[in-house]
Amino acid sequence: MRLSSVHLVMQEIPITNEPEAAVAILFASVMANSKPMSQAQIEQISRMLVLSAKFDASSLNELTIKALSQQATHGSRLLIEHCAPMVSDDFKETLFAMCCEVITADGKIDDTESEILAMVALYLGMSIENMKMMITTYLIRNRWNVQIIEQE
């Protein structure tokens, strides 16, 4: 019975193509810790999407609205699990790198962030070695980033 209920939930997620799936995974990975996204994270994701040829033919506004709506309804785990098979093999590592870039922007990673990156890597079918190498690279790269303090 549990398998069929999970299958029914996954059927209800109206994400059906790679751009939708990739954006949903990106937002799901950043929002998995239940903290609201910072303005800096929103701007960073926007920049990444605008500069990626993968999303040229898509409305970034529509992709974002759909991703955020599905994130609010289903949560990170189900969304990532549903969307990962839609990501093409040649884009999986790039998408994982995008997730790493946003999550490690402060030069560190907590247990929740580590778990979500491991889940994204697992569902995308990445090797543990590649996952560790990419996370380490982004942590080293972002260690000395200036932190933007947002005013409330």
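Remember, it's a predicted structure, so these values are computed and weren't measured experimentally.
Residues in residues 107-136 take part in these side chain to side chain donor-acceptor pair (under 3.5 Å) pairs, two or more places apart or across chains: Glu93-Asn130. For residues 62-73, the side chain to side chain donor-acceptor pair (under 3.5 Å) pairs, not counting sequence neighbours, are Glu20-Lys66, Gln70-His74, Gln71-Ser76.
Counting only heavy atoms from C-beta outward, the side chains of Ile135 and Met131 approach each other to under 4.5 Å. With a 4.5 Å cut-off on side-chain heavy atoms, Asp106 and Asn145 do not count as touching. Asn33 places none of its side-chain heavy atoms less than 4.5 Å from the side chain of Ile116. Using a 4.5 Å heavy-atom threshold, the side chains of Lys54 and Leu95 count as separate.
Across all non-hydrogen atoms, the minimal contact from Ile15 to Ala24 is CD1-CB, 3.6 Å. Summarising the geometry of Leu63 relative to Ser58, their closest heavy-atom pair is CD1-CB, 3.5 Å, with the distance given to 0.1 Å. Ala67 and Leu79 make their closest contact through O-CD2, 4.1 Å (heavy atoms, listed as atom of the first residue, atom of the second, distance).
Judged by distance alone, the side chain of Thr137 and the main-chain N or O of Met133 form a donor-acceptor pair under 3.5 Å. With hydrogens and angles ignored, the 3.5 Å screen pairs a side-chain donor or acceptor of Ser29 with a backbone N or O of Leu26.
When the side chain to side chain contact (heavy atoms under 4.5 Å, CB included) test is applied to Ala105, the partners found at least two apart in sequence or on another chain are Gln44.
Using a 4.0 Å cut-off between charged nitrogen and carboxylate oxygen, Glu101 and Arg141 do not count as a salt-bridge pair.
With a 6.0 Å radius and a threshold of 12 heavy atoms from other residues, nucleotides or ligands, Ile128 has its CD1 atom at or below the threshold.
Rounding to the nearest 0.5 Å gives a distance of 10.0 Å between CG of Asn142 and SG of Cys100. Here Thr104 contributes atom OG1 and Ile109 contributes atom CD1; the two are 7.0 Å apart, rounded to the nearest 0.5 Å. Taking CE of Met86 as the start and OG1 of Thr16 as the end, the distance is 7.0 Å to the nearest 0.5 Å. We find the CZ-SG distance between Phe27 and Cys83 to be 12.5 Å, quoted to the nearest 0.5 Å. With rounding to the nearest 0.5 angstrom, the CZ atom of Arg77 is 15.5 Å from the NE2 atom of His82.
The same ILVMFWY cluster, assembled from side-chain heavy atoms under 4.5 Å apart, contains both Val102 and Met126. Put simply, Ile80 and Met31 are part of the same group of oily side chains (I, L, V, M, F, W, Y) that touch within less than 4.5 Å, one to the next. At a threshold of 4.5 Å between side-chain heavy atoms, the hydrophobic network of Ile, Leu, Val, Met, Phe, Trp and Tyr places Val50 and Phe91 in one connected group. Taken together through direct or relayed side-chain contacts under 4.5 Å among Ile, Leu, Val, Met, Phe, Trp and Tyr, Val120 and Leu49 form part of one hydrophobic cluster.
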Can Met48 and Ile45 be said to form a side chain to side chain contact (heavy atoms under 4.5 Å, CB included), step by step? CA-CA 5 Å; Met48 284 191 299; Ile45 290 171; 4.2 Å; yes
Under the criterion side chain to side chain contact (heavy atoms under 4.5 Å, CB included), I'd like the reasoning laid out for Leu117 against Ile103: C-alpha separation, chi angles, the key distance, then a yes or no. CA-CA 9 Å; Leu117 284 175; Ile103 289 176; 3.6 Å; yes
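Side chains of Ser88 and Asp90: a donor on one and an acceptor on the other come within 3.5 Å.
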